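Below is one structure; the comments refer to it alone.
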Protein chains: 2
Amino acid sequence: MNRSANQKMNIRKEEIYRVATRLFREKGYNATGMRDIALEVGVEAASLYNHIRSKSELLQQCCFRMAGDFSRQLEEQEQRNSALALEKLEAVLRFHIRAWINRLDEVLVATHEGKYLEEPWLTEFMQERRRYMKRIEHIIIQGMDHGHIRRAEPYPIMLTIMSTVRGIEFWHRKQQEVSATDLEDGLVDVIIRGLLPIPSYHRS
Amino acid sequence: MNRSANQKMNIRKEEIYRVATRLFREKGYNATGMRDIALEVGVEAASLYNHIRSKSELLQQCCFRMAGDFSRQLEEQEQRNSALALEKLEAVLRFHIRAWINRLDEVLVATHEGKYLEEPWLTEFMQERRRYMKRIEHIIIQGMDHGHIRRAEPYPIMLTIMSTVRGIEFWHRKQQEVSATDLEDGLVDVIIRGLLPIPSYHRS
DNA sequence: GTCTATATAAGGATAGAC
DNA sequence: GTCTATCCTTATATAGAC
């Protein structure tokens, strides 16, 4: 098998992956049939199995590709020794937001359909997410120790950073009214302001 | 049919609803079979149909029950004429958080599985959510007009308020480390502080 | 590598005895 | 109201011709 044959196969496989990811997002993993994927790729369902091993493999590819990209980005921030923790958090937050703006299919499938992974991938995937959240919590604690993030329970702050981006799913349906830049800056502003060490919030 | 027979039927139906909602959350709507529900209720699958019309009816009940509860609570806040918009938003946010803490099964099913509703319920459900988000945006704009919420794009702020609570899903798996009260106050603090009209955030 | 045909399992829902 | 038995559809995946 020469190189061009290999490349063609990879292109085909990548097309299947792209179609499948979109359908998994639109209809859900369990409600998406191999026939649905095959229809949009333009072949019969049986032909898909010349390129992939199973439907589950497509889900694995999506989930671990995203997990890898997110983990690598976080590692970059962790190693920016000259940066403040708050700056690292803002960079991570902006990475999350841009992923949800530019790669919505993949992040939604990884977020919502990941629970349908089979073992041992399910366990590995959930452990990886747990580690990821711990690492973000660690940056938050560093920021508090250095005094440029206000003292508070770090766990809810981490959850907020992890979850804020989810609203972007709604934004995609009405993209015209608010620009991607305004959306990103607006979200970042709420969160980062909420972390500043300024004792100015008085309950009524 | 006397009153006690009616009540017994409703109790049974309510039990089926409760079991189904939990399974829909744990396994997803499509991956939950009538046989799964029946097993936990303690009857055969066929017997369920003496109490409910279809599996889809259980999903409808969950989604619209939640939509109704949320809409009514928002209406209460809208009619608190003496309150500041920021106070209304905090009350709404706390209602969301408590729902995600105390009724996680139902809110998760309504949020994640609602897309599997059949027509015309799907359209009605999505329109209702759209209206709900518009109403929250309206309160935010009121707060800006009155000067007790900082001027900014209202749309990302609304998304943040809608989405912050989603992290609570993770909290339920490790309930011991942070109390429900600390979680609620921690989440509220980040968001509400991020809305205050204090020009103290300078980008580096 | 793609096709047709099919194996095998599971799904929601119904019929009819009790 | 609950049961057993079953209808009918759909699902993933495989076999084997071309």
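Just so you know, these numbers come straight off a predicted model, no measurement behind them. Sequence lines set the chain letters: A, B, ... in the order given, protein chains first and strands last, and positions in each chain run from 1.
Set against dG12(C), dC3(C), dA13(D), the side chain of Glu44(A) has dC3(C) as its closest nucleotide. Listed candidates were dT6(D), dC3(C), dT12(D). Nearest to the side chain of Met34(A) is dT12(D). Distances from the side chain of Ser54(B) to the nucleotides dA13(C), dT12(D), dG1(D) place dA13(C) closest.
Between Glu14(A) and Arg18(A) there is no salt bridge, since no side-chain nitrogen of the basic residue lies less than 4.0 Å from a carboxylate oxygen of the acidic one.
The nearest whole Å value for the distance from the CG atom in Leu58(A) to the P atom in dA13(D) is 10 Å. Whole-Å rounding puts the Asn30(B) CG to dA10(C) C1' distance at 13 Å. Rounded to whole Å, the distance from OH on Tyr49(B) to P on dC7(D) is 17 Å. The nearest whole Å value for the distance from the CG atom in Leu48(A) to the C1' atom in dT4(C) is 15 Å. Rounded to whole Å, atom C1' of dG1(D) lies 11 Å from atom CD1 of Ile16(B). Residue His51(B) contributes atom NE2, which lies 17 Å from atom P of dG12(C) at whole-angstrom precision. Remark: C1' of dG11(C) and NZ of Lys27(B) are 12 Å apart, rounded to the nearest angstrom. Computed from coordinates, the Arg12(A) CZ to dG1(C) P distance equals 9 Å when rounded to whole Å.
A 6.0 Å sphere centred on CZ of Arg173(B) holds more than 12 heavy atoms belonging to other residues, nucleotides or ligands.
Among the atoms of the strands shown, only primed sugar atoms or phosphate atoms (P, OP1, OP2) are found under 4.0 Å from some heavy atom of Thr32(A).
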Salt bridge (Lys or Arg N to Asp or Glu O under 4.0 Å) assessment of Asp105(A) paired with Arg25(A): CA-CA 6 Å; Asp105(A) 288 345; Arg25(A) 176 207 154 191; 3.0 Å; yes
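If you check distances only, the side chain of Arg35(B) does reach the base of dG12(C) with a donor-acceptor pair under 3.5 Å.
For Arg53(A) and Ala31(A), each mapped to the nucleotide of DNA chain D holding its nearest heavy atom, the one lying further toward the 5' end belongs to Ala31(A).
Ser47(B) has no side-chain polar atom (N or O) that falls below the 4.0 Å cut-off from OP1 or OP2 of dG1(D).
Under the side chain to side chain donor-acceptor pair (under 3.5 Å) criterion, Asp69(A) pairs with Arg72(A), Arg103(A), not counting sequence neighbours.
In this structure, Phe24(A) has its ring center at least 6.0 angstrom away from the ring center of His112(A).
In this pair, Phe70(B) and His96(B) present their aromatic rings tilted. The plane angle is within the 30 to 60° band.
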Protein-nucleic acid N or O pairs under 3.5 Å, nucleotides 15-18 of chain D:
none

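A cation-pi contact, defined as under 6.0 Å to the ring centre and within 45° of the axis, links Lys55(A) to Tyr29(A).
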